[in-house]
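A quick write-up on the structure given underneath.
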Amino acid sequence: MYNFNEIIDRRHTNAMNTDGFRDYIFHADETMTFPYKDEEFIRMWVADMEFATPDVVIDGMRERLDKRIFGYTRVFEKSYYDALADWCMRRYGWTFDRKELVMSNGIIPALYELVEYICQPDEKVLFMTPSYAYFKYAADFNKREYVCSDLKNDEGRYSIDFEDFAKKAADGKTTLFILCNPHNPSGRVWTEEELRKMADIIEKNQMWVISDEIHCDLLRRNQEHIPMGKVMPDYGRLITCMAPSKTFNLAGMMISNVMIRDGDLRNTWLGRHYNFDNPLSVAAAQAAYEKGEPWLEELRAYLDDNFRLVGEYLAEHLPRAKYRVSEATYLAWVDLNDYFAPDEDLPMFFAYKAGVLLEGGNMFVQNSDGFIRLNLACPKATLAEGLRRICEAVNTKHTL
Ligand code: LCS
């Protein structure tokens, strides 16, 4: 039994979570002050966890440390591929050829590169909104236009507007679709039927697809993840991204897997990418895939429980909040439109009035006004205090 209730002090670790929020959420520097000291905040924002990385992963890094030399490193050994391919086969009934696998320091750096390699300057990138904002930033960075297809929201359950998606995909200049499965921030796990419908549209228009499956290991226990690679087994223009970073709280180790089917695109990548990996990260990722599964199963049970607790607390204390348990991720997506005007700055409100750091509103490109996103990957005591503060701040606002 792992102890997910332990509260771990993250100060003085150069953590984005503790020290980077002024810049990331508020575009401000250290002169920005709050009624709370930094260490008094309940932090429910950036997508990393308050839980320790599993011991088996730390041991993997330790074994690598003991080898004492940390020279230039790349994933050469087949054992890394075997660990990841076995993981995918065991959990998703899917596999990929070894030659397709390239490594990246992150999915985001990979997106920044792939958009450039795939899209000509006058071509456009399509994704679904609300969206993790870095999909847009990947287009902006490369000076490519982007096109959004708004998801439909029916009482908190999101679905794809296939008519709109098909129309936008049919534009000959829209050559790349970035799929987020499971979807951040809605928490949806796209079903086989939804994936097949998307696949038909993609195939008809011969679009490139980057399937960002970074959250796929973090499913609620009643859910099943289907890789797009399984739905489109013979489609060459598919890139699949997976990583141990979310699953095992290794984001700072900066290692992720990119499976590129198309040989020409892969050659472009290999020719232009800075192809080195951090030796400790390789050891950590391999140990995670080989030995991390029991820890992950306990983590999932803990997260399921946190999602249940949020539902119960909101139903009692903020009954007009719309909330559904996310099908995957550790991120809850809560509709507070009954309490706030659409243009209110929710991260600012909750930082000042509640001492809670969270993301929300226009941080998700579009189609997200009045929503907050809560990171539930924290000990129950932290979660309880965060919820208490959030609900109290909203209820106080409404009695003023
Ligand atoms: N793709 C998605 C869908 C994500 O949610 C994230 C992290 C990444 C990629 C980042 O990948 P990396 O470059 O670290 O491999 N999501 C975050 C979020 O929503 N807030 O903080 C990070």
Side-chain angles (χ1 to χ4, degrees), residues 10 15-21 23-26 43-50 53 84 102-115 125 127-139 141 148 151 158 177-190 209-219 225 227-228 239-259 273-274 277-278 281-282 284-285 288 326-334 347 357-365 368 371-378:
R10 297 181 72 176
M16 189 73 190
N17 198 317
T18 54
D19 292 24
F21 67 91
D23 179 29
Y24 189 96
I25 306 178
F26 304 109
R43 293 171 276 105
M44 305 179 86
W45 68 289
V46 67
D48 63 18
M49 306 198 271
E50 294 298 304
T53 292
L84 174 61
V102 300
M103 306 306 296
S104 172
N105 287 161
I107 307 287
I108 295 312
L111 287 182
Y112 276 48
E113 282 183 57
L114 289 166
V115 167
V125 182
F127 53 86
M128 290 166 175
T129 35
S131 171
Y132 178 50
Y134 276 87
F135 292 2
K136 167 184 153 24
Y137 300 154
F141 178 80
C148 301
L151 295 171
Y158 280 82
F177 170 47
I178 305 180
L179 167 65
C180 193
N181 182 32
H183 183 258
N184 175 13
S186 74
R188 274 301 315 278
V189 173
W190 305 118
V209 193
I210 302 175
S211 187
D212 179 347
E213 304 184 12
I214 193 169
H215 294 278
C216 71
D217 302 321
L218 293 162
L219 301 172
H225 170 73
M228 197 52 153
I239 299 108
T240 301
C241 303
M242 290 182 173
S245 48
K246 295 272 169 276
T247 316
F248 297 100
N249 211 15
L250 291 168
M253 299 308 290
M254 302 187 69
I255 185 164
S256 60
N257 312 296
V258 182
M259 289 75 120
H273 183 78
Y274 185 71
D277 303 304
N278 181 317
S281 307
V282 176
S326 300
E327 293 167 351
T329 77
Y330 43 68
L331 307 165
W333 187 238
V334 187
L357 298 173
L358 51 74
E359 299 186 26
N362 63 12
M363 293 178 78
F364 297 90
V365 186
S368 54
F371 284 78
I372 56 170
R373 196 191 72 173
L374 302 177
N375 182 337
L376 309 190
C378 58

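Predicted, not measured: the structure shown is a model, and the values here were computed from it. Indexing begins at 1, ligand by ligand and atom by atom, following the structure's order.
Asn105 pairs by the side-chain hydrogen bond (donor to acceptor under 3.5 Å, both in side chains) definition with nothing, not counting sequence neighbours. By the side chain to side chain contact (heavy atoms under 4.5 Å, CB included) test, Ala243 is found to be paired with Ile107, Ile214, Ser245, Ser256, residues two or more places apart in sequence or in another chain being considered. Partners of Glu213 under the side-chain hydrogen bond (donor to acceptor under 3.5 Å, both in side chains) rule, at least two apart in sequence or in another chain, are Ser211, His225.
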How far apart are the C-alpha atoms of Met16 and Trp45, what are their side-chain angles, what is the distance that settles it, and do they pass the side-chain contact (heavy atoms from CB on, under 4.5 Å) test? CA-CA 10 Å; Met16 189 73 190; Trp45 68 289; 4.0 Å; yes

Evaluate the criterion side-chain contact (heavy atoms from CB on, under 4.5 Å) for residue pair Asp48 and Arg10; output intermediate values, then yes/no. CA-CA 12 Å; Asp48 63 18; Arg10 297 181 72 176; 3.0 Å; yes

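Among the candidates Ile178, Ile210, Thr129, Val115, the single residue satisfying the side-chain contact (heavy atoms from CB on, under 4.5 Å) test with Phe135 is Ile178.
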Contacts table for ligand 1: protein N or O within a distance under 3.5 Å of ligand N or O, distances only.
residue  : atom   : partner : partner atom : Å
ligand 1 : 1 (N)  : Asp212  : OD2          : 2.5
ligand 1 : 5 (O)  : Asn184  : ND2          : 2.8
ligand 1 : 5 (O)  : His215  : NE2          : 2.8
ligand 1 : 13 (O) : Ile107  : N            : 3.2
ligand 1 : 13 (O) : Ile108  : N            : 2.9
ligand 1 : 15 (O) : Ile107  : N            : 2.7
ligand 1 : 19 (O) : Asn184  : ND2          : 3.0
ligand 1 : 19 (O) : Arg373  : NH1          : 2.6
ligand 1 : 19 (O) : Arg373  : NH2          : 3.3
ligand 1 : 20 (N) : Ala47   : N            : 3.3
ligand 1 : 20 (N) : Arg373  : NH2          : 3.3
ligand 1 : 21 (O) : Ala47   : N            : 2.9

